[in-house]
Amino acid sequence: MLIFLLIVLFLLVQVHSVQTFMAHKASAILSSKLHTRVEIGSMDIQFFKKIVLEDVYIEDLHHDTLLYSKRIKFGIGEFDNQKHKLTFNDIVLLNAKAKLIQYKTDEDLNLQFIIDAFTSSDTTKHTKTTPWDIGFSSVTLVNTDFTYRNEHDTLITSGVNYFDLRGRNVNAGFSDVRIQQDTIRGTIDYLSVLEKSGFILQNLSSYVKVSPIGIQMDELKIKTPESTIATDLTFSYSRWRDWTDFINKVNLKAEFNHSHVEMNDISYFAPQLKGLYKNLNVSGKVSGKINDLRGKNMDIFLGGTTHFLGDVTLTGLPNIDETLIYLNVQSLTTNYSDLTQLPMPPFDKHQTLDIPFNISKLGNLKFKGTFTGLYNDFYAYGDFSSALGKLSTDLSVSHNHEKNKEFYKGKLKSKDFDFGKFFGTNANTLGKVTANVDVDGSGFTLEDVAASLKGTINSLYFNNYRYDNILIEGNVARKIFNGKLNVKDENVDFDFLGNVDFTQKLPKLDFVTTLNKADLGALHFLNTTKKTNLSTQLIINVTGNNIDNLKGKINFDNTIYKQDNEVYKV
């Protein structure tokens with residue numbers, strides 16, 4: 001565009017003849033002054049205000065195309081040589097091709113020789129020149145090809161290469177454009193382009209300010225085949241070269257407003273995300289570099305039922321395996337189906353998150369709290385609610401890739417959580433549990449779980465009876481409990497030391513206990529409506545869950561059994 005403006009300025013000063021002659025004369029003059037090939041097919045000047053140039057061609061010093069346009073049409077709004085002010089009206093470029101190239105042998109762009117040729121020659125080294133103030137009321141590009149290439153940078157990427165850009169089929173409209181020294185301001189009314197990487201921009205509009213240290217785009221709207229983005233966006237950097245390391249050196253600041261983002265579009269600018277196909281609906285404020293990104297008041301919908309509200313900090317992107325995640329979760333809703341569809345790196349392998357199937361029994365899972373760490377090695381503090389009950393966690397969780405198993409340690413609280421359904425036990429054995437325990441273990445399925453427990457079980461359903469006030473210290477592994485219990489319940493009071501095994505159809509009991517009282521009828525060990533009570537010190541090693549199917553050995557000492565008013569002493 002600058003080439004075009006300089007040509008126009010030169011023509012206005014030197015050309016005052018018949019239009020056909022002027023086109024050839026201007027070509028000859030410019031070729032001589034620029035020491036390169038310049039061609040203008042024809043020129044039409046209307047009242048010295050509107051000019052139409054046909055078949056304009058300018059060659060750079062390396063004999064490559066600098067600018068070609070089938071037609072250039074523009075009007076002159078204001079020209080003041082003393083004030084260095086120039087304004088153009090209604091500029092239209094049709095079927096144009098422009099190439100800005102910094103060759104390996106040159107320090108400057110291939111445009112520099114034109115800038116040098118048109119620099120005023122009557123100034124001295126001690127004269128301070130006033131920079132030109134150049135403005136455009138409107139600029140229209142129709143079917144334009146644009147190339148920018150810096151041969152000093154040899155970055156190879158499958159995405160958008162900021163130092164080897166090629167845009168085809170560029171159609172754009174700009175208005176109120178001002179060029180003041182090294183800063184450009186204006187409005188992008190519309191812009192569409194197909195970049196050589198494959199990225200398709202269907203439309204972009206914004207109020208824009210571009211300077212050597214930043215790009216500010218207010219009321220930015222972007223439309224691609226898969227994404228619709230609305231935001232105020234600012235990029236800041238130390239120098240333009242920082243775009244070669246966009247992830248680590250370019251700061252961004254954006255405020256999204258119900259934007260629909262396809263992550264595969266983002267992968268053109270962060271190739272490490274290539275293969276990640278995931279739609280997000282996003283609102284909130286985002287700031288920082290890609291490798292240290294922060295989101296405030298984020299509202300993210302991932303499809304299905306997965307919905308996140310809260311604050312996000314991501315440090316280490318785009319390497320997801322080494323990315324430290326901090327989530328301040330106001331609300332997170334998801335389920336098993338959505339979790340199993342979450343893509344995992346490397347994304348071009350199309351792998352998804354591996355989740356134990358019994359997580360599906362939780363239904364729609366809701367979480368409020370904090371999440372800190374890696375995606376597979378984290379600390380979670382907060383409250384879960386699900387179809388099986390409520391859990392509160394103060395846990396660290398990690399995934400062992402060699403064993404393909406999760407390990408966890410910390411505090412776990414439950415409120416009427418149905419561990420029986422979660423682990424798939426018989427409905428007549430383990431049921432809902434309300435507890436507050438310290439846990440250190442691994443595995444989330446009944447076949448894999450191995451954990452030590454210490455704490456209080458406020459209530460537990462076993463054999464269709466609710467036990468209250470249980471102190472527990474022991475280990476759980478593959479449907480086996482081994483440890484100590486102290487139970488102070490309305491219908492049972494005992495100390496327990498031993499193990500209970502639920503791996504078979506009928507439970508196996510092997511323990512020593514001091515049983516102060518036990519209403520065997522109320523506990524559903526006897527099929528009776530009578531009031532019963534058993535007190536004893538005993539050693540038990542049996543299989544079964546009622547008096548009719550018990551098999552094994554029971555040693556009683558100081559045993560008293562009562563049934564209504566009958567008393568039996570053994």
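Only heavy atoms go into these numbers, but all of them, side chains included; no hydrogens, no water, no symmetry mates.
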T65 (side chain) donor-acceptor with L67 (main chain) under 3.5 angstrom: no
Short N-O contact, D145 and R166, less than 4.0 angstrom: yes
Gap separating the CG atom of L53 from the CZ atom of R71, nearest 0.5 angstrom: 10.5 Å
N257 (side chain) donor-acceptor with T231 (main chain) under 3.5 angstrom: no
Whether S205 side chain and I188 backbone form a donor-acceptor pair below 3.5 Å: no
Over 12 foreign heavy atoms within 6.0 Å of NZ, K196: yes
Atom OH of Y381: over 12 foreign heavy atoms under 6.0 Å: no
Straight-line distance of L365 CG to L332 CG, nearest 0.5 Å: 7.5 Å
Donor-acceptor under 3.5 Å (E262 side chain, K278 main chain): yes
Interatomic spacing from CD1 in I266 to CD in E226 - rounded to 0.5 Å: 12.5 Å
Least distance between heavy atoms, F113 atom then L66 atom: CE2-CD2, 4.2 Å
Nearest non-hydrogen partners of I213 and S238, listed with the distance: CG2-O, 3.8 Å
Side-chain (D242) to main-chain (R239) donor-acceptor, under 3.5 angstrom: yes
Pair L374-I325, side chain to side chain contact (heavy atoms under 4.5 Å, CB included): steps then yes or no: CA-CA 6 Å; L374 307 176; I325 304 170; over 6 Å; no
Flag, side chain of S283 to backbone of H258, donor-acceptor distance under 3.5 Å: yes
Side chain proximity check, Y148 to L109, heavy atoms < 4.5 angstrom: yes
Main-chain N/O of N150 paired with Q102 side-chain donor or acceptor, under 3.5 Å: no
Contact check, side chains of V286 and M298, non-hydrogen atoms, under 4.5 Å: yes
Test item: side-chain donor near acceptor, S138 and D90, under 3.5 Å: yes
Geometric class of the Y336/F357 ring pair [parallel <30°, tilted 30-60°, perpendicular >60°]: perpendicular
Neighbour count above 12 (heavy atom, 6.0 Å) for K97 NZ: no
Distance-only donor-acceptor check, side chains H62 and D106, under 3.5 Å: yes
Minimum-distance pair of heavy atoms, taken over all atoms of S259 and A230: OG-N, 2.9 Å
Heavy-atom side-chain proximity of L220 to L204 below 4.5 angstrom: yes
Distance, nearest 0.5 Å, that separates CG of L302 from CG of L342: 6.5 Å
Min side-chain heavy-atom separation I215-T234 under 4.5 Å: no
Minimum side-chain heavy-atom gap F174-I91 below 4.5 Å: no
Verdict with supporting geometry, T224 and I200, side chain to side chain contact (heavy atoms under 4.5 Å, CB included): CA-CA 6 Å; T224 75; I200 299 173; 5.8 Å; no
Atom of T372, atom of Y326 and distance for their closest heavy-atom approach: OG1-CD1, 3.3 Å
Non-hydrogen atoms of K104 and H152 that approach each other most closely: O-CE1, 3.5 Å
Short side-chain to backbone donor-acceptor contact, S69 and L94, under 3.5 Å: yes
Distance-only donor-acceptor check, side chains D176 and T187, under 3.5 Å: no
L353, CG atom: more than 12 neighbouring heavy atoms under 6.0 Å: yes
H260 and L280, any side-chain heavy atoms less than 4.5 Å apart: no
Side-chain donor/acceptor of D164 to backbone N/O of R149, under 3.5 Å: no
Taking every non-hydrogen atom, the tightest pair across T183 and S211: OG1-CB, 3.9 Å
Step-by-step side chain to side chain contact (heavy atoms under 4.5 Å, CB included) determination, N169 to N143: CA-CA 5 Å; N169 301 329; N143 193 30; 3.4 Å; yes
Candidate pair T333 and N364, rule side chain to side chain donor-acceptor pair (under 3.5 Å), full reasoning: CA-CA 7 Å; T333 304; N364 288 337; over 6 Å; no
Sub-4.5 Å side-chain heavy-atom contact between S331 and H307: no
Inter-residue atom distance I72.CD1 - K70.NZ, 0.5 Å rounding: 12.5 Å
Plane angle bin for Y57 and Y68 - parallel if under 30°, tilted between 30 and 60°, otherwise perpendicular: tilted
F301 atom CZ: more than 12 heavy-atom contacts under 6.0 Å: yes
Side-chain heavy atoms of E195 within contact of L201, under 4.5 Å: no
Donor-acceptor contact present, side-chain D338 to main-chain T305, <3.5 Å: yes
Salt bridge present between D60 and K99 (N-O < 4.0 angstrom): no
More than 12 heavy atoms from other groups under 6.0 Å of NZ on K285: no
Stepwise side chain to side chain contact (heavy atoms under 4.5 Å, CB included) check, N291 with L317: CA-CA 5 Å; N291 68 346; L317 285 175; 5.7 Å; no
